[in-house]
Chemist: 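Would you mind keeping the following structure in view while I ask a few things?
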Number of protein chains: 2
Amino acid sequence: MEAVVSEDVCTKWSETLRVYHTTSCELESELQERHELGLSEFEVLKILSRSCSKGGGKAKMKELEAEMYLSQSALSRTVTRLEKDGLVTRATCDFDRRAMFLMLTPAGQERYEAAQPTYMGVLRAHFA
Amino acid sequence: MEAVVSEDVCTKWSETLRVYHTTSCELESELQERHELGLSEFEVLKILSRSCSKGGGKAKMKELEAEMYLSQSALSRTVTRLEKDGLVTRATCDFDRRAMFLMLTPAGQERYEAAQPTYMGVLRAHFA
DNA sequence: TGACATCCAATGCACGTGCATGTAAGTTTC
DNA sequence: GAAACTTACATGCACGTGCATTGGATGTCA
């Protein structure tokens with residue numbers, strides 16, 4: 001009884017591990033090879049694209065952080081990389097000068113739209 | 001139709017991501033805090049413990065590599081750390097002197113048996 | 001208003017990982 | 001048996017990450 005339950009959770013975990021690993025590896029390499037984007041960079045573009053379309057073109061760092069599985073420091077550096085590539089711009093918030101707004105540049109929007117089908121293709125291949 | 005399928009695979013992926021992230025983070029921190037073991041270190045001990053009980057006390061690096069989601073180099077260094085902590089020992093194979101046998105030390109066996117309930121506890125909390 | 005706590009983002013640092021390469025041992029081909 | 005190839009593991013290196021800290025801005029309370 002106990003043993004059955006134990007075996008069951010182990011199986012579930014190793015299944016999760018397998019799916020996560022194969023999918024994230026393929027996402028990573030496909031996005032890198034075809035669009036020069038890491039997975040977390042793509043995720044930032046994805047969230048920005050979504051919130052920009054309804055939020056008037058900007059999102060706060062804190063909002064991004066809450067939606068991603070990434071530490072504050074890692075997110076900060078990811079955004080730095082994206083900014084260096086000209087895909088997003090940072091802007092200080094007028095009302096709270098501690099906070100930063102992020103905005104997709106046209107190049108960022110374009111890059112995201114080019115990469116999105118690749119992303120979806122991998123997901124479909126693994127989950128459909 | 002297309003949209004529904006798309007939404008579905010996205011949901012599945014983000015669910016996988018969530019489960020993987022929360023579980024692996026908790027495994028990592030619990031194992032580290034209570035037993036001074038990283039997750040991949042624990043995984044090596046786990047596989048060794050299993051194959052030792054039936055295989056006469058040893059396993060080859062290649063076998064480990066095949067059973068883990070870890071590159072050859074990462075595995076090599078993980079084993080180096082375990083060896084430095086006195087939990088496993090390396091031994092060259094007599095028949096193929098390229099290959100390495102790994103063996104759990106008594107301390108390694110002990111550490112694994114102490115950590116295993118912690119590991120199972122986390123899995124049960126997330127999957128049961 | 002002044003002192004203190006809280007919050008946001010950036011950065012120094014240590015660490016684990018993957019890729020590419022090195023080294024040594026085994027295998028194949030002629 | 002020598003040369004070319006393959007296999008097993010270790011290691012140099014670059015990179016992304018998390019933790020802890022810093023610096024600056026905001027909020028709170030007396």
Side-chain angles (χ1 to χ4, degrees), chain A residues 17 20-22 24-33 36-45 47-48 58-85 88-103, chain B residues 17 20-33 36-45 48 58-85 88-103:
Chain A
L17 218 47
Y20 168 78
H21 190 262
T22 55
S24 71
C25 281
E26 194 171 326
L27 281 173
E28 199 82 53
S29 67
E30 289 288 286
L31 288 173
Q32 192 56 251
E33 189 162 332
E36 294 183 357
L37 285 174
L39 180 51
S40 32
E41 282 151 38
F42 177 83
E43 293 281 351
V44 168
L45 295 186
I47 295 172
L48 273 182
K58 31 194 180 181
K60 289 199 187 130
M61 288 288 277
K62 277 291 147 189
E63 296 169 13
L64 283 180
E65 197 183 333
E67 295 192 54
M68 302 188 56
Y69 299 109
L70 211 51
S71 69
Q72 182 266 322
S73 64
L75 174 60
S76 175
R77 286 185 241 254
T78 301
V79 169
T80 299
R81 289 193 297 274
L82 287 169
E83 196 180 26
K84 202 164 296 176
D85 287 356
V88 308
T89 55
R90 284 190 235 238
T92 53
C93 171
D94 289 340
F95 302 118
D96 183 348
R97 297 225 296 273
R98 294 168 302 183
M100 295 293 283
F101 277 129
L102 290 189
M103 293 165 21
Chain B
L17 217 49
Y20 168 78
H21 190 263
T22 55
T23 307
S24 71
C25 281
E26 194 172 325
L27 281 173
E28 199 82 54
S29 67
E30 289 288 288
L31 288 172
Q32 191 57 249
E33 189 162 332
E36 294 182 355
L37 286 174
L39 181 50
S40 32
E41 281 152 39
F42 176 83
E43 293 281 352
V44 168
L45 295 186
L48 273 183
K58 31 195 180 180
K60 288 199 188 131
M61 289 288 278
K62 279 290 147 188
E63 295 169 16
L64 283 180
E65 197 184 334
E67 295 192 54
M68 301 188 58
Y69 299 109
L70 211 50
S71 69
Q72 183 267 322
S73 65
L75 173 60
S76 174
R77 285 184 241 255
T78 301
V79 170
T80 300
R81 289 193 297 275
L82 287 169
E83 196 180 26
K84 201 165 295 176
D85 287 356
V88 308
T89 54
R90 284 191 234 239
T92 54
C93 170
D94 290 339
F95 303 118
D96 182 348
R97 297 223 297 272
R98 295 167 304 180
M100 295 293 283
F101 278 128
L102 289 189
M103 293 165 20

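In the text below, chain A, chain B and the rest are named by the order of the sequence lines, each starting its count at 1.
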Chemist: So, using side chain to side chain donor-acceptor pair (under 3.5 Å) as the criterion, who are the partners of E43(A) when residues are at least two apart?
Modeler: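 Applying side chain to side chain donor-acceptor pair (under 3.5 Å) to E43(A) gives none.
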Chemist: Which residues satisfy the salt bridge (Lys or Arg N to Asp or Glu O under 4.0 Å) test with E63(A), sequence neighbours excluded?
Modeler: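 Here no residue qualifies.
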Chemist: Could you list the residues that satisfy salt bridge (Lys or Arg N to Asp or Glu O under 4.0 Å) with E28(B), not counting sequence neighbours?
Modeler: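 Scan of E28(B) (salt bridge (Lys or Arg N to Asp or Glu O under 4.0 Å), adjacent residues dropped) gives none.
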Chemist: NA contact type, K62(A), heavy-atom cut-off 4.0 Å: base, sugar-phosphate, or nothing?
Modeler: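 Since only primed, P, OP1 and OP2 atoms lie under 4.0 Å of K62(A), the category is sugar-phosphate.
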Chemist: Just to verify, what does Y20(A) make a ring pair (Phe, Tyr, Trp, His ring centres under 6.0 Å) with, not counting sequence neighbours?
Modeler: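 Once residues adjacent in sequence are excluded, the partners of Y20(A) under the ring pair (Phe, Tyr, Trp, His ring centres under 6.0 Å) criterion are Y20(B).
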Chemist: Among residues at least two apart in sequence or on other chains, which ones pass salt bridge (Lys or Arg N to Asp or Glu O under 4.0 Å) with R77(B)?
Modeler: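 Here no residue qualifies.
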Chemist: Going by atom type alone, with no hydrogens or angles, which donor-acceptor pairs under 3.5 Å involve a side-chain atom of residues 68-76 of chain B and a protein atom two or more places apart or on another chain?
Modeler:
residue: S71(B); atom: OG; partner: S73(B); partner atom: OG; Å: 3.3
residue: S71(B); atom: OG; partner: A74(B); partner atom: N; Å: 3.2

Chemist: How does each nucleotide of nucleotides 10-22 of chain C score, in 5' to 3' order, for protein heavy atoms under 4.0 Å: base (B), sugar-phosphate only (S), or none (-)?
Modeler: BBBB---BBB---
Chemist: Mind grabbing the angle between the end helix axes of the helix from dT1(C)-dA30(D) to dC30(C)-dG1(D)? Five pairs an end, 10° rounding.
Modeler: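 The end axes of the helix from dT1(C)-dA30(D) to dC30(C)-dG1(D) are about 10° apart, to the nearest 10°.
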Chemist: Has E36(B) got more than 12 heavy atoms of other residues, nucleotides or ligands less than 6.0 Å from its CD?
Modeler: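 No, not enclosed.
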Chemist: Show each protein N/O and nucleotides 24-28 of chain D N/O combination with a separation under 3.5 Å, one pair to a line.
Modeler:
residue: dT26(D); atom: OP1; partner: R97(A); partner atom: N; Å: 3.2

Chemist: For residues 91-101 of chain B, which side-chain N or O atoms pair as donor and acceptor with protein atoms under 3.5 Å away, sequence neighbours left out?
Modeler:
residue: D96(B); atom: OD1; partner: R98(B); partner atom: N; Å: 3.1
residue: D96(B); atom: OD1; partner: R98(B); partner atom: NE; Å: 3.0
residue: D96(B); atom: OD2; partner: R98(B); partner atom: NH2; Å: 2.8

Chemist: Who passes salt bridge (Lys or Arg N to Asp or Glu O under 4.0 Å) against E83(B), sequence neighbours left out?
Modeler: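 Here the qualifying residues are R90(B).
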Chemist: Residues two or more places apart in sequence or in another chain: which of them pass side chain to side chain donor-acceptor pair (under 3.5 Å) with E67(A)?
Modeler: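 In terms of side chain to side chain donor-acceptor pair (under 3.5 Å), with neighbours along the sequence ignored, E67(A) is linked to R50(A).
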Chemist: Given atom CD of E63(B) and atom C1' of dT7(D), what is their separation to the nearest angstrom?
Modeler: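 To the nearest whole Å, that distance equals 15 Å.
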